[in-house]
Amino acid sequence: MALDTAKKLEIVAKHGRDDKDTGSTEVQVALITARIIYLTEHLKINKKDHSSRLGLLKLVGQRRRLLNYLKKTNHAKWIALKAELKIRN
């Protein structure tokens, strides 16, 4: 299940540069993190849902690539975002 509109708007308002900023790296990482958290909880209940597990692994890889890009371009924002979203590296 995708995130509902209210949750997306809340994440964009918190991490975006303005209220219409959905493409910046910080917002993308925050949205993917919310989806990863949702899928992790889903997979704790539905242990045999392998298609969702594959989707989770793809999301984790995509988030890792975005974080690597952010680390190269803006190291201070990378540190702050990791601390705020509680992402291990």
Side-chain angles (χ1 to χ4, degrees):
M1 179 182 136
L3 296 173
D4 60 340
T5 307
K7 182 72 173 167
K8 280 186 184 179
L9 289 176
E10 178 186 330
I11 292 171
V12 169
K14 186 174 182 182
H15 297 283
R17 297 179 184 120
D18 60 12
D19 57 345
K20 300 244 187 247
D21 179 25
T22 58
S24 68
T25 308
E26 299 89 2
V27 173
Q28 289 184 45
V29 169
L31 288 171
I32 290 172
T33 301
R35 289 178 63 197
I36 287 172
I37 291 169
Y38 171 78
L39 279 174
T40 303
E41 294 302 317
H42 170 78
L43 288 171
K44 286 179 184 175
I45 299 167
N46 303 297
K47 297 186 186 306
K48 294 185 179 183
D49 190 357
H50 298 297
S51 60
S52 291
R53 188 174 310 278
L54 178 63
L56 174 66
L57 291 175
K58 287 182 179 183
L59 284 174
V60 170
Q62 183 179 5
R63 182 179 71 177
R64 181 178 42 86
R65 287 190 300 273
L66 284 169
L67 283 170
N68 286 340
Y69 169 76
L70 188 63
K71 183 178 179 181
K72 285 187 246 178
T73 57
N74 194 340
H75 194 74
K77 280 191 181 182
W78 174 73
I79 292 171
L81 188 65
K82 280 184 47 169
E84 187 175 345
L85 296 176
K86 298 180 181 107
I87 297 174
R88 295 178 300 166
N89 192 9

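By convention here, the first residue in the shown sequence is residue 1. The figures here come from the full heavy-atom set of this structure, side chains too, leaving out hydrogens, waters and symmetry mates.
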Novice: Go through the structure and list residues passing side-chain hydrogen bond (donor to acceptor under 3.5 Å, both in side chains) with Thr25, not counting sequence neighbours.
Specialist: none
Novice: Do any pairs count as a ring pair (Phe, Tyr, Trp, His ring centres under 6.0 Å) and have a residue in residues 39-68, sequence neighbours left out, and if so which ones?
Specialist: none
Novice: Would you mind listing every salt bridge (charged side-chain N to carboxylate O under 4.0 Å, His left out) that reaches into residues 55-77, with sequence neighbours excluded?
Specialist: Glu26-Lys77
Novice: Please, which pairs that meet side chain to side chain donor-acceptor pair (under 3.5 Å) have at least one residue in residues 12-22, sequence neighbours excluded?
Specialist: Asp21-Ser24
Novice: Kindly write out the residues that satisfy side-chain contact (heavy atoms from CB on, under 4.5 Å) with Leu9, not counting sequence neighbours, or none if the list is empty.
Specialist: Thr5
Novice: Kindly compute the distance separating CG (Leu43) from OG1 (Thr40), expressed to the nearest 0.5 Å.
Specialist: 7.0 Å
Novice: Please give me the minimum heavy-atom distance between Val27 and Gly16, naming the atom from each residue.
Specialist: CG2-CA, 3.4 Å
Novice: Could you check Asn46 against Ser52 for side-chain contact (heavy atoms from CB on, under 4.5 Å), going step by step and ending with a plain yes or no?
Specialist: CA-CA 9 Å; Asn46 303 297; Ser52 291; over 6 Å; no
Novice: Only pairs at least two apart or in different chains count here, so list each ring pair (Phe, Tyr, Trp, His ring centres under 6.0 Å) that has a residue in residues 55-87.
Specialist: His75-Trp78
Novice: Restricting to side-chain hydrogen bond (donor to acceptor under 3.5 Å, both in side chains), what partner residues turn up for Ser51, sequence neighbours left out?
Specialist: Asp49
Novice: Are more than 12 heavy atoms from other residues, nucleotides or ligands located less than 6.0 Å from atom NZ of Lys8?
Specialist: no
Novice: Among all residues two or more places apart in sequence or in another chain, which pass the side-chain contact (heavy atoms from CB on, under 4.5 Å) test with Ala13?
Specialist: none
Novice: I need the minimum non-hydrogen distance between Gln62 and Ile32, along with the two atoms involved.
Specialist: CD-CD1, 3.7 Å
Novice: What residues, two or more places apart in sequence or in another chain, satisfy side-chain hydrogen bond (donor to acceptor under 3.5 Å, both in side chains) together with Asn68?
Specialist: none
Novice: With sequence neighbours excluded, tell me which residues meet side-chain contact (heavy atoms from CB on, under 4.5 Å) with Lys86.
Specialist: none
Novice: Please say yes or no: joined through hydrophobic side-chain contacts below 4.5 Å, possibly via intermediate residues, are Leu66 and Ile79 part of one cluster?
Specialist: yes
Novice: Write down the atom of Ala30, the atom of Leu85, and the distance for their closest heavy-atom approach.
Specialist: CA-CD1, 3.9 Å
